[in-house]
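Have a look at the structure below before the remarks.
Note that the coordinates shown come from a computational prediction; the quantities given were computed from them, not determined experimentally.
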Amino acid sequence: QVRPVQSGGGSVQAGGSLTLSCTTSGYTHSTYSMGWFRQAPGKEREGVAVIYTADNRVLYADSVKGRFTISRNNANNTLYLQMNSLKPEDTAMYYCAVATISSIQRWTNPGIYNYWGQGTQVTVSS
């Protein structure tokens, strides 16, 4: 079983930066992809970024391209999300997610991820 534990987040003014971390423990060798999602009040959970563990290929939501960077450190089993030029519309609860099997579904489908972090709040003020 994979157990993701998140850290980071907080409050920042527009234009600022934050970094989220997600450290996984347990049986991590079967990880297929790792992603970041966010959910604002009253909205659906949306995919922010994903990284595929086999080749480190990354994909981003259009809304964060050029501002957010997803990366991972294999040595300490940690996933990161570097968020720059933050906007008030980035305010949400952010979740890391781990998929241990491949899927034909799009990476933005929360249903393909079988392990989730506990969530961390990001608040961007104008």
Hey, would you say the Y52 and W107 ring centroids sit under 6.0 Å apart?
no
Rounded to the nearest 0.5 Å, how far does [atom2] of [Y] lie from [atom1] of [X]?
X: S33; Y: R72; atom1: OG; atom2: CZ; answer: 10.0 Å
X: Q6; Y: Q118; atom1: CD; atom2: CD; answer: 5.0 Å
X: Q82; Y: I70; atom1: CD; atom2: CD1; answer: 12.5 Å
X: Y80; Y: T19; atom1: OH; atom2: OG1; answer: 9.5 Å

Same apolar cluster: [X] and [Y], side chain cutoff 4.5 Å:
X: V48; Y: V98; result: yes
X: F37; Y: Y60; result: no
X: V12; Y: V64; result: yes

Write down the atom of [X], the atom of [Y], and the distance for their closest heavy-atom approach.
X: S17; Y: S85; value: OG-N, 4.3 Å
X: A92; Y: R38; value: CB-CB, 3.8 Å
X: R45; Y: P110; value: O-CG, 4.3 Å
X: Y113; Y: G35; value: CE2-N, 4.2 Å
X: P4; Y: C22; value: CB-SG, 3.6 Å

Do Q13 and L86 have side chains that get closer than 4.5 Å, going by heavy atoms?
no
Are W36 and F68 side-chain neighbours, meaning at least one heavy-atom pair lies under 4.5 Å?
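No. Closest side-chain heavy atoms not under 4.5 Å.
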Result for side chain to side chain contact (heavy atoms under 4.5 Å, CB included) between L81 and one of V122, T69, L20, I51 points to L20
Verify side chain to side chain contact (heavy atoms under 4.5 Å, CB included) between T24 and L79, making sure each step is shown before the conclusion.
CA-CA 8 Å; T24 58; L79 178 73; over 6 Å; no
Just checking, is any N or O donor in the side chain of T78 or T23 under 3.5 Å from an acceptor N or O on the other one?
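Yes, side-chain donor-acceptor contact under 3.5 Å.
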I would like to know whether C96 and M34 meet side chain to side chain contact (heavy atoms under 4.5 Å, CB included); could you show each step before the answer?
CA-CA 7 Å; C96 67; M34 302 177 73; over 6 Å; no
Could you walk me through whether I101 and Y32 pass side chain to side chain contact (heavy atoms under 4.5 Å, CB included), step by step?
CA-CA 6 Å; I101 57 175; Y32 173 71; 5.8 Å; no
Step-by-step side chain to side chain contact (heavy atoms under 4.5 Å, CB included) determination, R67 to D90
CA-CA 11 Å; R67 300 189 298 122; D90 294 319; 2.7 Å; yes
Answer yes or no: is there a donor N or O on one side and an acceptor on the other, between the side chain of T53 and the main chain of T31, under 3.5 Å?
yes
